[in-house]
Engineer: 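Have a look at this one before I ask anything.
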Amino acid sequence: MSRPNLTFAWNAVRSAAELPQFEPGWVWLVGAGPGDPGLLTLHALNALQHADIVVYDALVDDSILKLARPGAVVEYAGKRGGKPSPKQRDISLRLIEWARKGKRVLRLKGGDPFLFGRGGEEALALVAAQIPFRVVPGVTSGVGGLAYAGIPATHRDINHAVTFVTGHMAGGDVPDSINWRALAEGSPVIVVYMGLKHLPRITSELMSAGRSADEPVAIVSQASTARQQVLETTLARAADDAATSGIPAPALIVVGEAVRLRAGLDWLSAATQGRKLDPDPLRTKAKRDTA
Ligand code: SAH
């Protein structure tokens with residue numbers, strides 16, 4: 001398709017969906033989803049097509065940045081190549097500075113900006129500086145990334161609650177404020193963000209708090225990108241298996257019986273590698289027959 005046709009198609013979508021104008025002097029705080037550009041929202045695509053400047057962080061996939069309007073300034077705000085990461089305050093100040101110059105500023109973050117994304121802090125800095133802004137939620141990796149691994153975050157036969165927890169504090173340690181016992185007792189499925197480095201501590205906390213050593217665990221790395229990898233293991237083995245395999249960050253750690261559903265729901269491997277799917281991964285039929 002030639003470019004004019006693409007522009008025509010996009011303009012049709014834009015007007016049919018009544019997408020808002022990206023006004024000069026505004027900041028849009030936008031979630032880019034876990035990686036696959038197909039998981040962007042229409043608001044995110046609209047922002048990419050109209051922004052004067054795109055300030056992105058490490059988790060935003062290159063294939064998404066390619067969708068920025070030709071001529072937009074695309075600026076990285078994160079850690080790379082061993083350089084220290086810019087302070088959160090510096091990033092916020094930069095957004096404010098561009099907005100005050102009358103630019104359309106797109107702050108693009110991985111997943112959802114308000115889930116372990118520091119989007120709230122940046123938005124509050126904009127409020128303090130009286131810069132108008134819009135927040136565009138994104139598909140969070142702990143839901144969308146799991147779906148690409150064939151793991152539903154909830155399933156009626158397994159869990160009526162799911163907890164998203166961070167394995168990493170600002171200082172780099174596992175947060176002290178996590179009540180592992182409450183989590184172990186109250187949340188059948190636990191999705192840990194930023195937990196790969198602290199896997200030994202996290203798994204041992206959960207086992208000490210009563211979770212079974214045999215409980216299934218999945219480590220979902222680079223979910224929804226072409227580099228996606230999934231390691232299935234157990235609570236007792238997870239830390240060793242992760243270290244031996246060298247599975248890279250960013251990764252989610254999923255603890256709970258929901259991981260067993262992968263045998264039936266790993267649609268991506270079924271499509272790409274011809275993996276055979278099991279129609280009864282929880283063995284509910286066998287349980288029903290013997291009951
Ligand atoms: N706001 C983001 C989370 C940022 S915290 C969101 O909503 O998804 C960073 C952590 O997110 C990573 O350490 C990892 O645990 C997780 N993460 C983000 N993108 C991921 C991806 N594509 N695959 C696996 N984990 C991902």
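Only a predicted model underlies this, so the values are computations on that prediction, with no experimental measurement involved.
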Engineer: Using salt bridge (charged side-chain N to carboxylate O under 4.0 Å, His left out), reason through Asp278 and Arg283 one step at a time and then give a plain yes or no.
Structural biologist: CA-CA 10 Å; Asp278 177 351; Arg283 302 281 160 261; 2.7 Å; yes
Engineer: Looking at Leu282 and Glu257, what are the two nearest heavy atoms and their distance?
Structural biologist: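 In this case the closest contact between Leu282 and Glu257 is CD2-O, 4.4 Å.
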Engineer: Contact between Val162 and Val191 at the side-chain level, heavy atoms closer than 4.5 Å - yes or no?
Structural biologist: yes
Engineer: Please determine whether residues Leu48 and Val73 belong to a single hydrophobic cluster, defined as Ile, Leu, Val, Met, Phe, Trp and Tyr linked transitively by side-chain heavy-atom distances below 4.5 Å.
Structural biologist: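 Cluster IDs for Leu48 and Val73 differ.
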Engineer: What's the verdict on salt bridge (charged side-chain N to carboxylate O under 4.0 Å, His left out) for Arg100 and Glu97, showing C-alpha distance, side-chain angles and the deciding distance?
Structural biologist: CA-CA 5 Å; Arg100 287 203 172 129; Glu97 196 180 304; over 6 Å; no
Engineer: Within the 4.5 Å heavy-atom criterion, are Pro34 and Leu39 side-chain neighbours or not?
Structural biologist: yes
Engineer: Determine whether a donor-acceptor pair (N or O, by modelled atom type, separation under 3.5 Å) exists between the side chain of Gln222 and the backbone of Gln229.
Structural biologist: no
Engineer: Side-chain contact test, heavy atoms from C-beta onward, threshold under 4.5 Å: evaluate it for Leu29 versus Val136 and give yes or no.
Structural biologist: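 Sidechains of Val136 and Leu29: no contact.
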Engineer: If you apply the rule side chain to side chain donor-acceptor pair (under 3.5 Å), what do you find for Asp280 with Thr284, and how did you get there?
Structural biologist: CA-CA 7 Å; Asp280 188 20; Thr284 42; 2.7 Å; yes
Engineer: Test side-chain contact (heavy atoms from CB on, under 4.5 Å) on Phe22 and Asp52 and set out the steps.
Structural biologist: CA-CA 10 Å; Phe22 198 158; Asp52 298 310; over 6 Å; no
Engineer: For atom CZ of Arg227, is the number of surrounding heavy atoms from other residues, nucleotides or ligands below 6.0 Å larger than 12?
Structural biologist: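 Result for CZ/Arg227: enclosed.
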Engineer: Establish, from distance only, whether the side-chain atoms of Thr140 and Tyr193 form a donor-acceptor pair under 3.5 Å.
Structural biologist: yes
Engineer: Please report the closest heavy-atom contact between Thr203 and Ala238, naming both atoms and the distance.
Structural biologist: CG2-CB, 4.0 Å
Engineer: Between His50 and Arg14, does any side-chain donor sit less than 3.5 Å from a side-chain acceptor?
Structural biologist: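 There is such a pair between these side chains.
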Engineer: Using modelled atom types and a 3.5 Å cut-off, is there a donor and acceptor pairing between side-chain atoms of Arg107 and backbone atoms of Pro113?
Structural biologist: no
Engineer: For Ser204, what residues pass the side chain to side chain contact (heavy atoms under 4.5 Å, CB included) criterion, not counting sequence neighbours?
Structural biologist: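 For Ser204, no residue satisfies side chain to side chain contact (heavy atoms under 4.5 Å, CB included) once neighbours in sequence are set aside.
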Engineer: Looking only at non-hydrogen atoms, find the nearest pair between Gly110 and Asp57 and report the distance.
Structural biologist: N-OD1, 3.5 Å
Engineer: Please report the shortest heavy-atom distance between Pro279 and Leu277, naming the atom on each side.
Structural biologist: CD-O, 3.5 Å
Engineer: Please say yes or no: joined through hydrophobic side-chain contacts below 4.5 Å, possibly via intermediate residues, are Leu108 and Leu45 part of one cluster?
Structural biologist: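 Yes, one cluster joins them.
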Engineer: Report the C-alpha separation of Ile53 and Arg104 in whole Å, then their side-chain angles, then the decisive distance to 0.1 Å, and conclude whether the side-chain contact (heavy atoms from CB on, under 4.5 Å) test is met.
Structural biologist: CA-CA 6 Å; Ile53 163 131; Arg104 300 172 183 86; over 6 Å; no
Engineer: State the CZ-OG distance between Phe164 and Ser141, to the nearest 0.5 angstrom.
Structural biologist: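 Spacing of CZ (Phe164) from OG (Ser141) equals 9.0 Å.
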Engineer: When you measure from the side chain of Thr41 to the backbone N and O of Ala44, does any donor-acceptor pair fall under 3.5 Å?
Structural biologist: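 Such a contact is found between Thr41 side chain and Ala44 backbone.
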Engineer: Nearest 0.5 Å, please: how far is CD in Glu232 from CZ in Arg260?
Structural biologist: 9.5 Å
Engineer: Which residues pass the side chain to side chain contact (heavy atoms under 4.5 Å, CB included) test with Leu126, not counting sequence neighbours?
Structural biologist: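 Side chain to side chain contact (heavy atoms under 4.5 Å, CB included) list for Leu126, sorted by chain: Val27, Leu95, Ile96, Ile131, Phe133.
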Engineer: Arg211 side chain to Ala184 main-chain N or O, any donor-acceptor pair under 3.5 Å?
Structural biologist: yes
Engineer: Just verifying a value: how many Å separate Met207 CE and Ile202 CD1, rounded to the nearest 0.5 Å?
Structural biologist: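 Those atoms lie 11.5 Å apart.
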Engineer: Taking side chain as C-beta onward, heavy atoms only, is Leu261 less than 4.5 Å from Ile158?
Structural biologist: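 Yes, at least one pair of side-chain atoms sits under 4.5 Å.
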Engineer: Is it the case that one hydrophobic cluster holds both Leu199 and Val165, taking links as side-chain heavy atoms less than 4.5 Å apart, direct or via other members?
Structural biologist: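 Yes; Val165 is reachable from Leu199 via cluster members.
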Engineer: Who pairs with Arg237 by side chain to side chain contact (heavy atoms under 4.5 Å, CB included), at least two apart in sequence or on another chain?
Structural biologist: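 So Arg237 forms a side chain to side chain contact (heavy atoms under 4.5 Å, CB included) with Thr233, Thr234, Asp241.
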Engineer: With rounding to the nearest 0.5 angstrom, report the OG1 to CH2 distance, Thr272 to Trp267.
Structural biologist: 9.0 Å
Engineer: List the steps and the verdict of salt bridge (charged side-chain N to carboxylate O under 4.0 Å, His left out) for Glu122 and Arg118.
Structural biologist: CA-CA 7 Å; Glu122 289 178 22; Arg118 309 194 72 172; over 6 Å; no
Engineer: Dump the intermediate steps for salt bridge (charged side-chain N to carboxylate O under 4.0 Å, His left out) on Glu205 and Arg181, then the final yes or no.
Structural biologist: CA-CA 8 Å; Glu205 292 276 11; Arg181 182 155 299 277; over 6 Å; no
Engineer: Looking at CZ of Phe116 and NZ of Lys109, how far apart are the two atoms once the value is rounded to the nearest 0.5 Å?
Structural biologist: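 It comes to 13.5 Å.
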Engineer: Less than 4.5 Å apart, side chain to side chain, heavy atoms only: is that true for Ser221 and Leu231?
Structural biologist: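 Counting from C-beta outward, Ser221 and Leu231 never come under 4.5 Å.
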Engineer: State, with a plain yes or no, whether a side-chain heavy atom of Thr225 is found less than 4.5 Å away from one of Asp36.
Structural biologist: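 A side-chain contact under 4.5 Å is absent here.
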Engineer: Which atom names give the shortest non-hydrogen contact between Leu40 and Ala32, and what distance separates them?
Structural biologist: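 Residues Leu40 and Ala32, closest heavy atoms: CD2-O, 3.6 Å.
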Engineer: Tell me whether Tyr76 is reachable from Val55 by hopping between hydrophobic residues (I, L, V, M, F, W, Y) whose side-chain heavy atoms are closer than 4.5 Å.
Structural biologist: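 No, no single cluster joins them.
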Engineer: Apply side-chain contact (heavy atoms from CB on, under 4.5 Å) to residues Ile178 and Leu183 and explain how you reach the verdict.
Structural biologist: CA-CA 8 Å; Ile178 295 177; Leu183 207 57; 4.0 Å; yes
Engineer: Sub-3.5 Å donor-acceptor pair from the side chain of Asp61 to the main-chain atoms of Ile64, do we have one?
Structural biologist: no
Engineer: If two hydrophobic side chains count as joined below 4.5 Å and joins carry through other members, does Trp26 share a cluster with Val127?
Structural biologist: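 Different clusters: Trp26 never reaches Val127 through Ile, Leu, Val, Met, Phe, Trp or Tyr contacts under 4.5 Å.
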Engineer: Measure the shortest side-chain to side-chain distance between Val230 and Tyr148 over non-hydrogen atoms and say whether it is less than 4.5 angstrom.
Structural biologist: no
Engineer: Which heavy atom of Gly167 sits nearest a heavy atom of Val192, and at what distance?
Structural biologist: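 Nearest pair, atom of Gly167 first, then Val192: N-CG1, 3.9 Å.
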Engineer: Is there side-chain contact between Leu265 and Pro152, with at least one heavy-atom pair below 4.5 Å?
Structural biologist: yes
Engineer: Between the side chain of Asn46 and the main-chain N/O of Pro20, is any donor-acceptor distance below 3.5 Å?
Structural biologist: yes
Engineer: Using 0.5 Å steps for rounding, measure from the OG atom of Ser224 to the CG atom of Leu146.
Structural biologist: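 If I round to the nearest 0.5 Å, the distance is 11.5 Å.
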Engineer: Decide yes or no on side-chain contact (heavy atoms from CB on, under 4.5 Å) for Val254 and Val217, but give the supporting numbers first.
Structural biologist: CA-CA 5 Å; Val254 191; Val217 169; over 6 Å; no
